[in-house]
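Worksheet for the structure shown next.
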Protein chains: 2
Amino acid sequence: MATDPAERATDWLSTAGLRPTRQRLALAELLVGDGQHRHVTAESLFDAAKTDGASVSLATVYNTLRAFCEAGLLREVTVDGARSYFDTNTTDHPHFFWEAEGRLSDAPSEELELKRVPDAPEGAEIASVSVVIKLRKT
Amino acid sequence: MATDPAERATDWLSTAGLRPTRQRLALAELLVGDGQHRHVTAESLFDAAKTDGASVSLATVYNTLRAFCEAGLLREVTVDGARSYFDTNTTDHPHFFWEAEGRLSDAPSEELELKRVPDAPEGAEIASVSVVIKLRKT
DNA sequence: TTAAATGCAAATCTTTTGCACTGGC
DNA sequence: GCCAGTGCAAAAGATTTGCATTTAA
């Protein structure tokens, strides 16, 4: 298990068989460099890259996020209709969505229990189960 | 309880205190006229209205759906990032989403049990819990 | 060398908005 | 008559796409 951010990024890409280009490595490092899970939007990742001094176009951020998703490295989380969020934790788990700030965070999954999930109808299988808990400031 | 579609639509609007304009009545009748729950997008409702011979602009469909939502007559369901769906069933309940067709339908809620839901963090309350089960053809 | 990836700008798609007009109350 | 509701077209966001250029293998 790599501990160096750059190495983590490289490993992450190679497990999915994605070519480690400069842009992908920069984005991958921002996503998984410290080994922690993240929730990003295309825009937020683009800003982070700019702040980091990386040279990546917004279109490439979109295309790269989509490529990471298709490779199974990221999970797309849809929550407010306008923006898409991408989660580095690709397992099914619940999310909190802070309506006021438009921020997504993990909800403690131990505290949620789906006792039983409806069976998929004939001719279909369950691709994923998404649970989003919308929060409002009190 | 009204059994006539037009009457149902009128009642539905009046419970929310919304003025029964011609356009709203036409859309309301398409939504709740037969007493069954529906899942629509702005586009699909607009098409249905046109087919029905009703004269409503797309902008008005959007504005009206939003107004119905704010009045508590509809529940917005976000599922695929691109489009918003509106459900005439405003109670918290799970949905099936057919990825291939982009269609939303109710999942049998008796078969889903949230044993325990994570507590809302300090300073926040739970506004809603959304459960979407994505289906893929086998 | 060569197919894949990138950058940019333009295109697309969904949704909202500004403003003049219409119609419930 | 007043003010909410409507229609249209234009604007606003988010995301994708076309195409020429660059780059990893």
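FYI, side chains are in, hydrogens and waters are out, and symmetry mates aren't considered; it's all heavy atoms of this structure. All chains are named by letter (A, B, ...) in the order of the sequence lines, taking the proteins before the strands, and each is independently numbered beginning at 1.
When the P atom of D:dA14 is taken as reference, atom CG of A:L45 falls 15 Å away, rounded to whole Å. Residue A:F86 contributes atom CZ, which lies 13 Å from atom P of D:dA14 at whole-angstrom precision. Atoms CZ (B:F68) and C1' (D:dT6) sit 13 Å apart, rounded to a whole Å.
By the 4.5 Å heavy-atom criterion applied to side chains, A:L13 and A:F68 are counted as neighbours. Using a 4.5 Å cut-off on side-chain heavy atoms (C-beta onward), A:V77 and A:H39 make no contact. The shortest side-chain heavy-atom distance between B:E29 and B:D52 does not fall under the 4.5 Å cut-off.
Checked against side-chain hydrogen bond (donor to acceptor under 3.5 Å, both in side chains), B:R19 has no partners two or more places apart in sequence or in another chain. With sequence neighbours excluded, no residue forms a salt bridge (Lys or Arg N to Asp or Glu O under 4.0 Å) with A:K50. Residues that satisfy the side-chain hydrogen bond (donor to acceptor under 3.5 Å, both in side chains) test with A:S55, not counting sequence neighbours, are absent from this structure. Residues meeting the side-chain hydrogen bond (donor to acceptor under 3.5 Å, both in side chains) test with B:D47, sequence neighbours left out: none.
When DNA chain C is scanned in the 5' to 3' direction for atoms under 4.0 Å from non-hydrogen atoms of chain B, the outermost contacting nucleotides are C:dT14 to C:dC25.
The nearest heavy atom of DNA chain C to B:L18 and to B:E76 marks one nucleotide each, and the one closer to the 5' end goes with B:E76. Projected onto DNA chain C by closest heavy-atom contact, A:S55 and B:E43 fall at different nucleotides, the more 5' of which corresponds to A:S55.
For the residue pair B:L31 and B:R38, the shortest heavy atom distance occurs at O-NH1, 3.3 Å.
In this structure, B:R75 pairs ionically with B:D92, as a charged nitrogen and a carboxylate oxygen lie closer than 4.0 Å.
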Find every protein N or O atom lying less than 3.5 Å from an N or O atom of nucleotides 16-20 of chain D, and list the pairs.
residue	atom	partner	partner atom	Å
D:dT16	OP1	A:R66	NE	3.0
D:dT16	OP2	A:R66	NE	3.3

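Listed pair B:Q23 / D:dG7 meets the phosphate criterion, a side-chain N or O lying under 4.0 Å from OP1 or OP2.
Across all strands, A:S84 comes closer than 4.0 Å only to sugar-phosphate atoms, never to a base (heavy-atom distances). Contacts of B:T60 with the nucleic acid, taken as non-hydrogen atoms under 4.0 Å apart, include base atoms.
Checking D:dG7, D:dT6, D:dT23 against the side-chain heavy atoms of A:R19 singles out D:dT23 as nearest.
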